[in-house]
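Note that the structure is predicted; figures quoted are calculated from it, not measured.
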Amino acid sequence: MTSAQGVPFLKGHGTENDFVIIPDPDGELELSPEAVARLCDRRAGVGADGVLRVVRSAAHPEARHMAAEAEWFMDYRNADGSVAEMCGNGARVFARHLERAGLVEPGDVAFATRAGIRRAHIAKEGGDVTIGMGRAELPGGTESAGDAGAGRVRVSAAGREWPARKVGMGNPHAVAFVTDLADAGSLLDAPGVTPPDAFPDGVNVEFVVDRGPRHVALRVHERGSGETRSCGTGACAVMVAAARRDGADPVRDGVPASYTVDVPGGRLVITERTDGEIEMTGPAVIVAEGVLDPALLS
């Protein structure tokens, strides 16, 4: 994969959550955590919130069992080089790259992630991408976000503390409703979380305010990346937490629920269907392509 001529790459973003995309169909490229961190460095590297390696499922040991359902595997890494299960905005950008590269046609496509098979619908002529995000995992079931079951987790930032709702979207989230998004401070450091063993593998923390009926806005600190302009799985977690707080449960009620979720980098629409499946719709843009110096990956 690497050569004296370099390594092909692309740069893309979904609501300004940005990624370095590395096509590696045969799984030949070794990506060390240090190399990923160098790529994502915004001064010494390309600069990104994470890396999307594009590999055939059959060529990757973690995805071979999914190859019959999905030809392509999204090997996602956080900006610090750590491996992540899933990235919602990254999934939209991944799908956009597959279409742009002629590897899939617009319409419905399935691809593999560490969180399982994900299905996308790619609108024609560069339109929005909808990703099937799976079902949310909610410890305690359908109780409201403010009750004792949900409030056992607390998050803190900028000298303040709030109860938070645990939501799993293939990766872990703690959702806290606040009065003002500025209350979370600079988010240069990861928010505090108690109890300490609540998220043994780290957590993404969302701070949320209401903007109107079924309309919320968030800021997010992503584990391994810091504060980002957007988080797709975080927007889904926020939608579910807000719906439960508002008394909506599509599986119980038999009525789908949609929320508009504003992120610093744009706007997403999140829908929870009556079967519990969650869909996320938003933009996905490829902004550049080029060649990496192989020394960057050494």
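The salt bridge (charged side-chain N to carboxylate O under 4.0 Å, His left out) check on D128 picks up nothing, with sequence neighbours excluded. Residues forming a salt bridge (charged side-chain N to carboxylate O under 4.0 Å, His left out) with R214 (at least two apart in sequence, or on another chain): none.
Between M74 and R118, every side-chain heavy-atom pair lies at or beyond the 4.5 Å cut-off. Contact annotation: the side chain of R219 approaches that of E227 to within less than 4.5 Å [non-hydrogen atoms, C-beta and beyond]. Side-chain contact check for L103 versus P25: every heavy-atom pair is 4.5 Å or farther apart. At a threshold of 4.5 Å between non-hydrogen side-chain atoms, the residues L187 and V220 do not count as touching. Looking only at side-chain heavy atoms (C-beta outward), N89 and L268 come within less than 4.5 Å of each other. At least one side-chain heavy atom of L10 sits less than 4.5 Å from a side-chain heavy atom of R100. Looking at heavy atoms from C-beta onward, R96 lies out of side-chain contact with V285 at the 4.5 angstrom threshold. A 4.5 Å side-chain heavy-atom check between W162 and V178 finds at least one atom pair inside the cut-off.
In this structure, E105 places its CD atom where only 12 or fewer heavy-atom neighbours from other residues, nucleotides or ligands lie under 6.0 Å away.
Between F94 and F111, the ring planes lie tilted relative to each other; the angle falls in the 30° to 60° range. Ring-plane geometry between F73 and H60 is classed as tilted, the angle between the planes lying from 30 to 60 degrees on a 0 to 90 degree scale.
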T233 vs M133, side-chain contact (heavy atoms from CB on, under 4.5 Å): CA-CA, chis, key distance, verdict: CA-CA 8 Å; T233 56; M133 299 291 287; 3.5 Å; yes
Chi angles and distances behind the side-chain contact (heavy atoms from CB on, under 4.5 Å) call for M239, M280: CA-CA 10 Å; M239 178 269 157; M280 173 183 62; over 6 Å; no
Worked verdict on V93 versus V129 for side-chain contact (heavy atoms from CB on, under 4.5 Å): CA-CA 8 Å; V93 174; V129 177; over 6 Å; no
Stepwise side-chain hydrogen bond (donor to acceptor under 3.5 Å, both in side chains) test for H215 and D262: CA-CA 8 Å; H215 184 183; D262 292 341; 2.8 Å; yes
Trace of the salt bridge (charged side-chain N to carboxylate O under 4.0 Å, His left out) decision for E99 with K124: CA-CA 10 Å; E99 178 221 8; K124 293 181 179 179; over 6 Å; no
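Looking only at distances, no side-chain donor or acceptor of R77 sits under 3.5 Å from a matching main-chain atom of V36. In this structure, R92 contributes its side chain and P283 its backbone to a donor-acceptor pair below 3.5 Å. Between the side chain of D253 and the main chain of V255, no donor-acceptor pair closer than 3.5 Å is present. Counting only distance, with no hydrogens or angles, the side chain of D26 and the backbone of E28 share no donor-acceptor pair below 3.5 Å. Under the 3.5 Å distance criterion, the side-chain polar atoms of R53 are left unmatched by any main-chain donor or acceptor of D75. Using a distance-only test at 3.5 Å, with no hydrogens or angles considered, a donor-acceptor pair links the side chain of R244 to the main chain of A248. Listed for the S57 side chain is no donor-acceptor partner under 3.5 Å among the backbone atoms of M66. Between the N204 side chain and the R223 main chain, a donor and an acceptor come within less than 3.5 Å of each other. Here the side chain of R229 pairs a donor or acceptor atom with the backbone of P264 at under 3.5 angstrom. N171 contributes no side-chain N or O that, together with a main-chain N or O of E85, makes up a donor-acceptor pair within less than 3.5 Å.
Interatomic distance, SG of C40 versus CG of D18, reported as 8.5 Å (0.5 Å rounding). Between E222 atom CD and S230 atom OG the span is 8.0 Å, to the nearest 0.5 Å. Distance CE/M169 to SG/C231: 10.0 Å, rounded to 0.5 Å. Remark: I131 CD1 to H121 NE2 distance equals 11.0 Å, nearest 0.5 Å. Separating the CG atom in L98 from the CD atom in E71 is a distance of 9.0 Å, to the nearest 0.5 Å. Taken from CZ in R114 to CD in E62, the straight-line distance is 4.0 Å, to the nearest 0.5 Å.
In the hydrophobic cluster analysis, where Ile, Leu, Val, Met, Phe, Trp and Tyr join through side-chain heavy atoms closer than 4.5 angstrom, V55 is grouped apart from I21. Both I286 and W72 are assigned to one and the same hydrophobic cluster, defined by single-linkage of ILVMFWY side chains at heavy-atom distances under 4.5 Å. Taking hydrophobic clusters as Ile, Leu, Val, Met, Phe, Trp and Tyr residues chained together by side-chain heavy-atom distances below 4.5 Å, V155 shares a cluster with L181.
Summarising the geometry of P172 relative to V203, their closest heavy-atom pair is O-CG2, 3.6 Å, with the distance given to 0.1 Å. Residue A67 comes nearest to A58 through the heavy atom pair CB-N, 3.9 Å, listed as atom of the first residue, atom of the second, then distance. Between S225 and A79, the shortest heavy-atom contact is OG-N, 3.4 Å. Nearest approach of A70 to A112, heavy atoms of both residues: CB-N, 3.6 Å.
Counted by atom type alone, Y259 and D246 present one or more donor-acceptor pairs between their side chains at under 3.5 Å. No side-chain N or O of D49 forms a donor-acceptor pair with one of T228 less than 3.5 Å apart.
The side-chain hydrogen bond (donor to acceptor under 3.5 Å, both in side chains) contacts involving residues 175-201 comprise R160-D183, where partners must be two or more places apart or lie in separate chains.
Screening T15, V208, V269, L218 for a side-chain contact (heavy atoms from CB on, under 4.5 Å) involving V261 leaves a single residue, L218. Among L138, I270, D249, the one residue that satisfies the side-chain contact (heavy atoms from CB on, under 4.5 Å) test with V240 is L138.
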